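Input: a single structure, listed below in structure tokens.
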Amino acid sequence: MINLFKNLNENQKEAVLKTEGPVIAIAGAGSGKTSVLTTRIAYLIFEKKIHFENILAITFTNKAANEMKYRVRQTIGINTSQMWISTFHSMCAKILREHIEFLGYKKNFQIIDDDDVKQLVKSILKKNNYDIKIYKPKIIKNIVLKLKFDNDLIEDIEEPVKSVVKLVSRKYEENLYRNNLVDFENLLTLTIELLENNEPLRKYYNEKFQYILVDEFQDTNNVQYKLVNLLVGEKQNIFIVGDEDQSIYAFRGANIENINKFKRDYPNFHLVLLEENYRSTNTILKAANQIIENNTKRVPKKLFSNLGNGKQITHFKGVTARDEVEFVALKVLELVRKGYTYNDFAILYRANSTSRMFEEVFMQKRIPYRIYGNTSFFKRREIKDFTAYLRLIINNNDAYSFMRVITNPKRGIGAITIDKLFNLAANNDLDIFVAIDRANEVLGKSVCNKLLDFKNMILDFRVKLDELSFNDFVDYILDKSGYVKSLENDEKGDVRYENLLEFKTILSENEQIYKDLSKESLLIYLLEDISLKSEESKKDIIDGVTFMTLHSAKGLEFKVVFIVTLEMGMFPLGRSMQSRKDFEEERRLMYVGVTRTKELLFLTNANVRQTFGEISRNKDSCFINEINKELIDVRGYSEYVNKPYRETNFFSKKVLNVAKLESLNNYKKNDLNKGERITHTKFGVGLVISVTGTHCIIAFPQPYGIKKLLKDHPAISKN
DNA sequence: TGAGCGTACGCCCCG
DNA sequence: CGTACGCTCA
């Protein structure tokens, strides 16, 4: 028998063994929280003989869910693909996909993202003659969404905005319902509605989920709290893990108070404290403690570790933002020469837009990297266009996709025609495709023919879905719709086409895996998967430096961490400094960043940087100053800080030249050509399929298959 | 009525 | 720096 407990301390064991009744585990950063969660699941299945279908584990990110599945699989060697280990949103989608008809929606509902919501809100505002310069769609959208998890907030809004928001909210919900669409908030609220109004179903889930685990409980919002409450059965076997110091999602409604609320709602709770840190050196922990101590509303808690003091923290201040980036890149190269691998590094920033600067320099120096978040693959225009085709093929009455598809590529049908058609449909309560047959009532003959052609094209695609493989199906759509042709006039057409090819690969791969599903169900499932996981790219496996926001770094750890743009206004963000609440959340974000570090921490910033075209000089972030000086080694070029820009300019050049030299010495370019064979350190021998400026597509034997890689990645060598 | 082109504006964090 | 709107022309 395997010993589940061999690596756990007493408190961790307690958290695993106390399986019955409500349990709260307060888990400091790096205290082995994931181990506790996975061991607990393993223990329930392996020792208590609980069937895996009776366990529900909820996480906040897909990454955390995948990690947990992986570790459960490692521990007890069972197939975790059928287990309910998922994010709140995936869990809800799974429940709704089965039962949403009870609420009047159709089973093939589609999930829309925030960009889509913004577009919808905008069109509603326009239709009701509101000036979108005054009522900015983005702001109205945010309010509309916020109201969905706390309706009382409406009373805090002044007129006339209040009325506008009320009207838009109502029309927006009607619109979603009519088009069989669900936004991220609705995934939660509709599930609640379902469970509240369908008692047999609620009973079913209460009995099914005998053991519930919720990770990152400090980040739950009111709606999520309510949902958990509804799911918990009579035995109240609910296990929550949280750390108020790591609460960083207030902007989407997270309520730290939920931990206290839990204590009131489940008064016989059992409390476990996990304070021993297994991740960081004491220098890192001291710094983290010194920072977080400045927050007012918190229960004091001190982490400790047995990993020694380790190295000092480095603060580098560049003259320009470019210096800062160069420093980070050179440091990475230096440490790689000393034995670190690219996977050991993370560059953490406050705003996604920061990644661009780093990308440029890393690309130039041929340092492999991977970006999380940002304009993720699935949010690219061509991918959204194409998924709109797929959605429309599945649901001909999806107005939102209809609009997107009929105007991409241009086919001589514009906003006014669409408007008339939609009005005709709405006034006579018709489906869009039926309205097209009667379009002659409101539209001219040539436009009617164009609409008919369009409709027939989509219907033809539906037929082809069942007849063709996904590979051929995608090609068929791209060709017949004229989409590929329209890319010829697009400057970025090549890249867009490549992305579409990659999308095709993703579909095909899944076609292999889920052979028993019908094509349509598979497509629905995949589209759902895509919208729920839009932050992930397929390229996870590549060895490279990780670029990500501080938010997405939560739950992860790296040997070497760079926290960058540490300036007043950048981090903490300018807006946050007006309210104590927001400001303290920024500090928690800093705390999260620092505690990701295992060995080396670098804090960097610059004296001068360009933001929005303006040159700005920001002070050092107050978070740097909150760390005791003796923990920090100040590096770089701070002696130039108070001199005029011109005088210091030579220095940037010097750094640049050194950088160039280093990159030339250390990294040869891979001169790849189509048809050649190469060897990749991880994937083995592969065949080069195509090469563009920076990337290449290479076919490897199974299980790796076709990969898109950086052309000059050091892992690739020519045979 | 639709499409192409020049200009203006905005630019945080997640599922 | 990139997207999105508004104007003009076909």
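Quick caveat: nothing in here was measured; it's all calculated off a predicted structure. The sequence lines fix the lettering, A, B, ..., with proteins before strands; numbering per chain opens at 1. What's counted below: heavy atoms across the whole structure, side chains too, no hydrogens, waters or symmetry copies.
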Protein-nucleotide distance ([X], atom [atom1]; [N], atom [atom2]), rounded to Å:
{"X": "A:R496", "N": "C:dT3", "atom1": "CZ", "atom2": "P", "answer": "7 Å"}
{"X": "A:L348", "N": "B:dC12", "atom1": "CG", "atom2": "P", "answer": "19 Å"}
{"X": "A:Q119", "N": "C:dA4", "atom1": "CD", "atom2": "P", "answer": "7 Å"}
{"X": "A:D113", "N": "B:dC13", "atom1": "CG", "atom2": "P", "answer": "15 Å"}
{"X": "A:D219", "N": "B:dC13", "atom1": "CG", "atom2": "C1'", "answer": "11 Å"}
{"X": "A:I248", "N": "B:dG15", "atom1": "CD1", "atom2": "P", "answer": "10 Å"}
{"X": "A:K141", "N": "B:dC13", "atom1": "NZ", "atom2": "P", "answer": "11 Å"}
{"X": "A:D582", "N": "B:dC12", "atom1": "CG", "atom2": "C1'", "answer": "11 Å"}

Would you say the side-chain atoms of [X] and [Y] include a donor-acceptor pair closer than 3.5 Å?
{"X": "A:N605", "Y": "A:E567", "value": "no"}
{"X": "A:N258", "Y": "A:T220", "value": "yes"}
{"X": "A:N175", "Y": "A:Y400", "value": "no"}

Can you identify which nucleotide, out of [options], has its nearest atom closest to the [X] side chain?
{"X": "A:D114", "options": "B:dC12, B:dG2, B:dC14", "value": "B:dC14"}
{"X": "A:R356", "options": "C:dC1, B:dG15, B:dT1", "value": "C:dC1"}
{"X": "A:S552", "options": "B:dC13, B:dG15, B:dC14", "value": "B:dC14"}

Gap separating the CG atom of A:N186 from the NE2 atom of A:H89, nearest 0.5 angstrom | 10.0 Å
Of all residues at least two apart in sequence or in a different chain, which pass the ring pair (Phe, Tyr, Trp, His ring centres under 6.0 Å) check with A:F402?
-> A:F422, A:F454
Results of ring pair (Phe, Tyr, Trp, His ring centres under 6.0 Å) for A:F558 - residues two or more places apart only | none
Polar atom pairs (N or O), protein with nucleotides 3-5 of chain B, under 3.5 Å:
unit_1	atom_1	unit_2	atom_2	d
B:dA3	OP1	A:G412	N	2.7

What residues form a salt bridge (Lys or Arg N to Asp or Glu O under 4.0 Å) with A:D245, not counting sequence neighbours?
-> A:R298, A:K301
Report the secondary structure of DNA chain B in dot-bracket form, marking unpaired bases with a dot and bases paired to a different strand with |, and treating Watson-Crick or G-U pairs with both distances under 3.5 Å as paired.
-> ||||||||||.....
If the cut-off is 4.0 Å, is [X] near the phosphate of [N], judged by side-chain N/O to OP1 or OP2?
{"X": "A:S353", "N": "C:dC1", "value": "no"}
{"X": "A:T549", "N": "B:dC14", "value": "yes"}
{"X": "A:N352", "N": "B:dC14", "value": "yes"}
{"X": "A:K118", "N": "B:dG10", "value": "no"}
{"X": "A:K136", "N": "B:dG10", "value": "yes"}

Assign each of A:I418 and A:F251 to its nearest nucleotide of DNA chain B by heavy atoms, then name whichever residue's nucleotide is nearer the 5' end.
->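 It is A:I418, whose closest nucleotide lies nearer the 5' terminus.
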A:L188 or A:K138, whichever maps to the more 5' nucleotide of DNA chain B | A:K138
Counting the atoms with a prime plus P, OP1 and OP2 as sugar-phosphate, which does [X] contact under 4.0 Å by heavy atoms, base, sugar-phosphate, or nothing?
{"X": "A:F60", "result": "sugar-phosphate"}
{"X": "A:E216", "result": "nothing"}
{"X": "A:S90", "result": "nothing"}
{"X": "A:I416", "result": "sugar-phosphate"}
{"X": "A:K420", "result": "sugar-phosphate"}

P gap between B:dC11 and C:dG6, integer Å =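 Approximately 16 Å lies between the P atom of B:dC11 and that of C:dG6.
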Contacts of A:I212 that satisfy side chain to side chain contact (heavy atoms under 4.5 Å, CB included) - sequence neighbours left out |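 Scan of A:I212 (side chain to side chain contact (heavy atoms under 4.5 Å, CB included), adjacent residues dropped) gives A:L56, A:F209, A:V214, A:L231, A:V232, A:I238.
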Can you find a donor-acceptor N/O pair under 3.5 angstrom joining the side chain of A:Q224 to the base of B:dG15?
->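 No, the side chain and the base share no sub-3.5 Å donor-acceptor pair.
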Are A:D183 and A:K148 ion-paired here, with the side-chain N under 4.0 Å from a carboxylate O?
->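 Judged by the 4.0 Å cut-off on N to carboxylate O distance, A:D183 and A:K148 do form a salt bridge.
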Under 4.0 Å between a Lys/Arg side-chain N and an Asp/Glu carboxylate O for A:E360 and A:R356?
-> no
Heavy-atom check, side chain of A:V117 versus side chain of A:L145, under 4.5 Å = yes
